[in-house]
Every structure is written in structure tokens, then in C-alpha cells.
2 protein chains.
Amino acid sequence: MMELTRKGEYAIRAILYLARQPTGRLSLVGEIAGSAGVPRTFLSKILQQFTRTGLVSSFRGTGGGFTLARDPAGITLLEVVEAIEGPVLPNRCLVGEGTCERDGTCRVHEVWGRVRDEMVSILAGVTIEELARAREGSAGDGLAKSS
Amino acid sequence: MMELTRKGEYAIRAILYLARQPTGRLSLVGEIAGSAGVPRTFLSKILQQFTRTGLVSSFRGTGGGFTLARDPAGITLLEVVEAIEGPVLPNRCLVGEGTCERDGTCRVHEVWGRVRDEMVSILAGVTIEELARAREGSAGDGLAKSS
DNA sequence: TACCTATTGGACCTTTTTTGTCTTTTTATA
DNA sequence: TATAAAAAGACAAAAAAGGTCCAATAGGTA
């Protein structure tokens with residue numbers, strides 16, 4: 001239930017790949033796709049979406065490729081996920097914010113609102129830079145486990 | 001992104017309808033469907049799923065119908081949602097809990113784990129009885145808004 | 001200019017999931 | 001037995017997910 005799509009997963013992998021490259025270096029679609037294990041043509045679409053959002057910048061022609069448009073320390077996981085999957089909305093009734101035909105006064109909406117707020121808060125609290133680091137220092141370092 | 005399906009919405013409406021009935025009273029599919037604004041045959045499937053889970057009990061034949069199997073004060077929103085939509089799993093990698101082919105050491109999984117934990121915690125903190133009450137007392141009463 | 005390289009955009013396609021319907025069977029009551 | 005209801009299962013349309021393919025465009029390079 002409430003799963004991130006493959007597209008979203010691929011998008012995160014691709015962003016992390018870009019974040020791990022030396023600043024300014026351009027990566028090719030094929031290169032990213034190979035390393036991140038994502039179908040090439042599909043990744044192409046995802047990267048296009050990122051460039052439209054302004055998270056990634058692209059350059060055409062010989063020597064072209066993709067690179068992060070901003071400092072990974074300033075990009076949050078929320079931005080990445082929302083760029084690809086759209087706004088975090090666990091319940092359709094939240095779309096209109098009160099535009100719920102039936103049961104306008106019921107409390108279910110308020111509960112989903114809290115769910116959304118928490119998701120947003122958690123995802124906005126993690127930067128791509130933090131995620132891209134990892135590798136060494138293995139587990140539970142810096143980010144507290146809430147459970 | 002990460003939307004509850006219509007099935008899930010319908011399920012909640014149906015459960016709330018049942019929770020608002022006098023204890024012991026049986027409701028017919030058609031009756032619930034009409035009141036909750038849910039296609040009758042579809043609701044039938046949802047109710048069957050609920051009876052399989054044990055949340056709702058059903059009785060066949062003349063005078064039959066559906067009723068909550070347990071006290072609504074003891075049923076959480078989490079139970080209702082999971083009965084219909086399956087376990088809350090915002091990221092596929094959480095299914096196997098560590099069975100992630102690639103990037104086993106990356107921190108993304110830990111973040112989604114926290115998201116799931118929070119969702120579960122919020123949904124488990126709301127009972128059907130609370131939700132079914134509402135109506136009078138309008139807003140923000142008893143349940144704190146976190147935002 | 002011609003040619004190569006790489007992204008862009010759009011059309012298209014397949015598979016899966018969602019959102020149902022319809023029919024038959026089972027169980028219970030009158 | 002007739003009637004009333006849920007249960008079960010097959011079926012189907014519509015939408016979303018998950019891709020593919022190709023022509024166009026933009027930028028280098030000889």
C-alpha cells in the first residue's frame with residue numbers, strides 16, 4: 001500500500017549517482033542507466049522531467065550530458081520525489097483542501113492531513129548530499145531511527 | 001502521489017456507516033452502498049474482505065446483513081486500511097526488510113522506514129469510534145493538529 | 001558545410017492495477 | 001418450497017505503470 005513507483009525509485013538512484021560525481025562533471029544517460037540499473041530510454045524521460053523542474057541541468061551535443069543544477073546539500077529527498085511523482089497526497093480529499101463533497105466535517109481528512117504533514121516533514125529533512133555520502137560509516141550514523 | 005485508492009476510501013465510509021448503527025443492528029449491502037455513495041457490487045467485495053479479516057461479521061438469508069464484529073472503540077483506522085489495502089509499505093525495499101539487491105547500505109531505506117513508522121503510528125492512534133462520532137463538535141476537538 | 005553526438009519531444013505500446021459488473025452458489029428464514 | 005441475503009468466481013473496461021522507438025533539435029568538430 002502507498003508504494004513509491006519504480007519511476008520514483010529510479011529517479012532517486014539517478015539523482016544519487018549524479019550527486020556522487022565530481023562537481024561540474026557531466027554524465028551520459030547510458031552511463032547513469034548502466035550504473036543505476038535503470039532502463040535507458042525510461043531514465044531519459046525521468047531526467048527530462050528533472051531538467052524541466054530545474055533540479056538537473058542538461059547539455060546537448062558532443063561532450064554533453066547531465067549534472068545536478070544545485071548543490072546536493074541543498075536538495076531534499078522531498079524535492080526529488082515530488083519532482084517525479086507529484087505532490088505528496090495520501091488522500092484524494094486533500095487535493096481540494098476542504099473540497100470534499102461528502103463528510104466535509106468528518107475527521108478522516110484531518111488524519112490524512114497529519115499523515116501528509118509527517119511524510120513531508122521527514123522527506124524534507126533529508127538532503128541528497130547526506131544520502132549520497134553513506135557507503136562507509138555503515139549504519140545508524142547521524143540519522144536517528146524513530147521506531 | 002501515494003494515494004489511498006477508491007476502494008480504501010469506500011471501505012472507510014462503509015466501516016463508519018456500520019459504526020454509526022445501533023449495536024447489533026444488521027445493515028444490507030444496498031443500504032450501506034446507498035448511504036455511503038459506493039457502487040453496490042463493488043462494496044459487496046469490500047465487505048467480503050472485511051468479513052474474511054474478521055472486522056465485520058455477516059449473516060445470510062432473510063434478516064441477514066452486516067455488522068461490526070468488534071467494538072468500534074477498539075478498531076483503529078490502521079486496521080481498516082490494512083485490511084483492504086494491505087500493509088503500509090511506502091517503499092518496495094521495505095518488503096524484504098534488508099532484502100535490497102542494490103544499495104543495501106544506503107540510507108534511503110532507513111528514511112522510508114521512518115515514513116512508514118510514522119504513518120502506522122498516526123493511523124493506529126485513531127479509532128473508528130472517534131471518527132464515527134464527529135458530526136457535532138465540528139472541528140479540532142480531541143485530536144490535535146500537528147502542522 | 002557536413003557529420004557526429006547527445007538530449008528533447010512525441011507517439012506508441014504492453015502489462016498491471018484499479019474499478020467495477022454479472023452470474024451462480026450457498027446459507028438462512030418464513 | 002419459495003424467498004432473501006451474502007459468498008464466490010469469472011469477466012471486462014478504464015486507468016496507471018513501465019517502457020520503447022523515432023524524428024527533431026542543438027551543440028561540437030572536421
Could you state the atom-to-atom distance from [atom1] of [X] to [atom2] of [N] in whole Å?
| X | N | atom1 | atom2 | result |
| --- | --- | --- | --- | --- |
| B:Leu43 | C:dT18 | CG | C1' | 16 Å |
| B:Phe42 | D:dC11 | CZ | C1' | 15 Å |
| A:Ile84 | D:dA17 | CD1 | C1' | 14 Å |
| A:Arg40 | C:dT7 | CZ | C1' | 11 Å |
| A:Ile46 | C:dT8 | CD1 | P | 13 Å |

Base of [N] paired with side chain of [X] (donor-acceptor, under 3.5 Å):
| X | N | result |
| --- | --- | --- |
| A:Lys45 | D:dG19 | no |
| B:Arg6 | C:dT19 | no |
| B:Arg60 | C:dT27 | no |

Please figure out whether B:Thr5 or A:Gln48 has its closest DNA chain C nucleotide nearer the 5' end.
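Checking each residue's closest nucleotide, the 5'-ward one belongs to A:Gln48.
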
OP1 or OP2 of [N] under 4.0 Å from side-chain N/O of [X]:
| X | N | result |
| --- | --- | --- |
| A:Ser58 | C:dT8 | yes |
| B:Tyr10 | C:dT19 | no |
| B:Thr41 | C:dC22 | no |
| A:Thr62 | D:dG28 | no |

Kindly indicate, with the supporting measurements, whether the criterion side chain to side chain donor-acceptor pair (under 3.5 Å) is fulfilled by B:Gln21 and B:Thr67.
CA-CA 8 Å; B:Gln21 303 311 305; B:Thr67 185; over 6 Å; no

Give, for atom CG of B:Leu26 and atom CZ of B:Phe59, the distance between the pair rounded to the nearest 0.5 Å.
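Nearest 0.5 Å value for the CG-CZ distance: 6.0 Å.
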
Could you check whether B:Ser44 gets within reach of a base, just the sugar-phosphate, or nothing at all, counting any heavy atom under 4.0 Å?
nothing

May I ask you to say what B:Leu28 touches in the nucleic acid, namely base, sugar-phosphate or nothing, with a heavy-atom cut-off under 4.0 Å?
sugar-phosphate

Salt-bridge test for B:Arg25 and B:Glu31: reply yes if a basic N is under 4.0 Å from a carboxylate O, no otherwise.
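A salt bridge links B:Arg25 with B:Glu31.
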
Does B:Arg40, at its CZ atom, have more than 12 non-hydrogen atoms belonging to other residues, nucleotides or ligands within less than 6.0 Å?
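No - once you tally the heavy atoms of other residues, nucleotides and ligands closer than 6.0 Å, there are 12 at most.
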
For the side chain of B:Lys7, counting heavy atoms from C-beta on, which of D:dA6, C:dT19, C:dT8 is nearest?
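Selected nucleotide: C:dT19.
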
